[in-house]
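So you know, we letter chains A, B, ... as the sequences are listed, proteins then strands, and number each from 1.
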Amino acid sequence: MVADYTNFPLYGALISGAWLTGSLLIWTTVFMIRPVSGKSKIRVILDADQVIKSTAGKATGIAGNILVISGVLLFGYYLTVLWLNLGRAPMRTLGETRLWYSFFLGVIGYLTYLRWNYKWFLVYSAMMAAVFMIINITFPENFSKTLMPALQSPWFVPHVIVYIFAYALLGAASIVAVYGLWLEYYRVFRNNLLHLADNLVYIGFAFLTLGLLFGAVWAKEAWGHYWTWDPKETWAFITWMSYLLFIHFRYFNPKKVKTPLWILALAFVILLIAWFGVNYLPSAQSSVHVYS
Amino acid sequence: MKKLPGISRTGKKLFKLPWTGKKLPGISRTGKKLFTPPWKYREGFLVALALLIAGFIIEAVTPNPGISIPAFPFNMFAGMTFITTIAFLHIFYRDMHMVRWLSTISAATSAICLITLLTILMGAFRQDNPDAGGLHGAIGLTHVKNSWAFLLAQLYLLISLGLVILRRSIPLKRKNAGFLLNHGGLWIVIFAASLGTGDLQRLRMDLYEGEPVWYGRDDNADFYELPFALELKSFNIEEYPPQLAIADSHTGQLSDPAQRPLPYIEAGTTATLLDWTITIKEFFPMAMEEDGTVAYSEETGAPPYARVTAVNESTGESQEGWISCGSFLVDAGHLWLDGRNVLVMTTPEPRKYQSTVTALTPHNDPQELLIEVNRPPKGAGWRLYQLSYNQTMGKWSNLSVIEAVRDPWLPVVYAGIIMLFAGAAYIFWIGKDRSKTGKA
Ligand code: HEM
């Protein structure tokens, strides 16, 4: 690969191409099965249940895995080269954080698939990652090497990475929620889906807390106070509380299905406001966090 | 079983039947009267709603917008009374239904929802002018964080959270470690951060070179004397080099759509932008122009200048001239490449803001301090932050605005933050413990 790192359209197309094709291949293996007796094919497609794969299915699965892994590696390579060339962490602008978001979303989708064998989830997260890359391709921004003094802090990189990682996990959880709601209203809901959501939310929430705390410590160093109820901070807090609500509700009402799913879906809407929407709210005239 | 008129099968009151003449007050869906034990979510939300309305009313009838937390020692007394009350409730009234209910998930959920609702209002309304009129101003929505409603909500949350922490921590069990780190840490952070605002001082000091200043100004433009004086020796801005760009004179945007970092301008730089090969022949980081000649200058307001040649690779056309980004004193200078595109120098971006000051205290020798963004020097309970400067003068500013911050409760808040860090690590590691809720 000798492509110029500034040529993101090329990288973006290659990466999302590999991810999408790979995940679709893995997903199609559910069609190449000899179903366990008595199971309808449609249940098997959505299910993570064990099936006996044919040889063709195995080969397709391996090819899919290779494609997905090469997508991850290529993306990792791209981010490294970008970082080295800019001479600063590429985490300053919305466009740059979108890159990390797609990266983590793809990685999490793959890890989740490896751990829980949800093939549809792999396809979904690859699609989400691709959407964010397409946004970056359609709205290019000039990379710049400068980093304003307030961002030159040892807390900056961990703060952003941890946050983006949390966003990616919680975004993934919300996909589960939407899918769960669809199943609940139109099909048969299965409770292991909520367990997947729990796992994603617990890990995502831990990272969200870390991001909030890193941010507070950094703000103390840079601006003199750890919490000023700046609009960005306010919405970050609201996001945090929404997931807190989900965790407690789930823990104490393990049999309820619809309410936690709705909480989760709405929490993600709030997360999106905190991430993008804040810049457009009337209350955000003077936010220190609106850089770009 | 005889069916009560107007009550559905689930016990829900459908409507009042006029001919029965008898109202069945407050019967909930489960057939339980509201506020008869055991309390559940419904009661929780009604308590939260009552607190919200009470907060709005108190706010509306009291004269000043919002409340302010008193300074030491009164905030300390208030805090100790609060803790004692919670401990007292836990020790002597733990079996009272109301007290026990406060530590349940129903009360906690309603408290979380109440705080979240108020925070959403805070995030939706502008908060920068607490005196703004209107109904929403009167009930405190222009200054939510200091409003009565928010105070009551915080007290509700702290009481509920405090009681559940006590219930779970006595006797202390290893398996409650994660719970105590998260809930205890959060309790300490909210408690100390709120009471701490009473003692938090953020004072602006406008420093001009050579004039010692021993007082600061707060947001209300009140002046306070400080236990030290600061004298500005020098303020300077370290800058990145200026950058080279081709702009489209019709749109005012950059002409090159690729996501390329713009090349830095230094003597000898060669760069290709669009079809043009551009070479920097001469570069002065500071210079002045007079009658068409540019010469190095250390004058205040002397901007960077570069002499460039531009050769169009496809047409062979070439241009040469001086470009500059200008300063508060001098206009910017561009080089026209063709009828549409111009070669411009961007204004250098700051890499570092720095003030060198001498700190004078009554008892110690004068001390020289370097104040930079993200590197506040500390001492005697104060931290000094580089806040601002004269922005029209840019790096020639003879003014440096320093913010002196004192927050004696900070160590307590940090203790809570460290507990929350540990709690987050715990959640990450353990994930959800399903043994208690069962395999649903
Ligand atoms: C750092 C934020 C928080 C985290 C990570 C968290 C997490 C949890 C978890 C995992 C549980 C159930 C597991 C267990 O019992 O150990 C729980 C229980 C509980 N939480 Fe939280 N929580 C947080 C904040 C809050 C807040 C703000 C409240 C509001 C008052 C609250 C009130 C409660 C209550 C009442 C229980 C039930 C405890 C019991 O009945 O023993 N939590 N929390």
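Relative ring orientation between B/Y41 and A/F249 is described as tilted, the plane-to-plane angle lying within the 30° to 60° band. Aromatic ring pairs are classed by plane angle as parallel below 30°, tilted from 30° to 60° and perpendicular above 60°; the pair B/F421 and A/F214 is tilted.
Within the 4.5 angstrom heavy-atom criterion, only side-chain atoms of B/L186, from C-beta onward, approach chain A. Neither the backbone nor the side chain of B/L387 comes within contact range of chain A, judged by heavy atoms closer than 4.5 Å. For a residue to count as touching a neighbouring chain, one of its non-hydrogen atoms must lie under 4.5 Å from one of that chain's; by this rule A/T239 does not touch chain B. Contacts of B/I112 with chain A are made by both backbone and side-chain atoms, with heavy-atom separations under 4.5 Å. Within the 4.5 angstrom heavy-atom criterion, no atom of B/A425 approaches chain A. Neither the backbone nor the side chain of B/Y426 comes within contact range of chain A, judged by heavy atoms closer than 4.5 Å. If you measure heavy-atom distances from B/I115 to chain A, the contacts under 4.5 Å come from the side chain alone. A/V217 touches chain B through backbone and side chain together, each having a heavy atom under 4.5 Å away. When heavy atoms are compared at a cutoff of 4.5 Å, A/W227 does not approach chain B at all. Heavy-atom distances place the side chain of B/L200, and not its backbone, under 4.5 Å from chain A.
The two atoms that bring B/R202 and A/T228 nearest to each other are NH1-CG2, 3.8 Å, heavy atoms only. In plain terms, the two heavy atoms of A/A206 and B/A424 that are nearest each other are CB-O, 3.4 Å.
A/T234 has its side chain out of reach of B/Q127: every pair of non-hydrogen atoms, C-beta onward, lies at least 4.5 Å apart. The side-chain heavy atoms of B/Y414 and A/K220, taken from C-beta on, include a pair separated by under 4.5 Å. Counting only heavy atoms from C-beta outward, the side chains of B/T116 and A/L245 never approach each other to under 4.5 Å. B/T119 has its side chain within reach of A/W229: a pair of non-hydrogen atoms, C-beta onward, lies under 4.5 Å apart. For the pair B/L410 and A/Y226, the minimum side-chain heavy-atom distance is below 4.5 Å.
Between chain A and the options B/T109, B/L117, B/I120, heavy-atom pairs under 4.5 Å are most frequent for B/I120. Taking chain A as the reference chain and counting heavy-atom pairs below 4.5 Å, the highest number among B/V373, B/V413, B/N374 is found for B/N374.
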### Query
side-chain contact (heavy atoms from CB on, under 4.5 Å) between A/E221 and B/R383: does it pass, once the steps are laid out?
CA-CA 9 Å; A/E221 292 299 311; B/R383 290 186 185 210; 3.1 Å; yes
### Query
So B/D407 and A/H225, side-chain contact (heavy atoms from CB on, under 4.5 Å) or not? Walk me through it.
CA-CA 9 Å; B/D407 187 3; A/H225 201 44; 3.7 Å; yes
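Summarising the geometry, atom OG1 belonging to A/T209 is positioned 7.0 Å from atom CG belonging to B/N182; distances are rounded to the nearest 0.5 Å.
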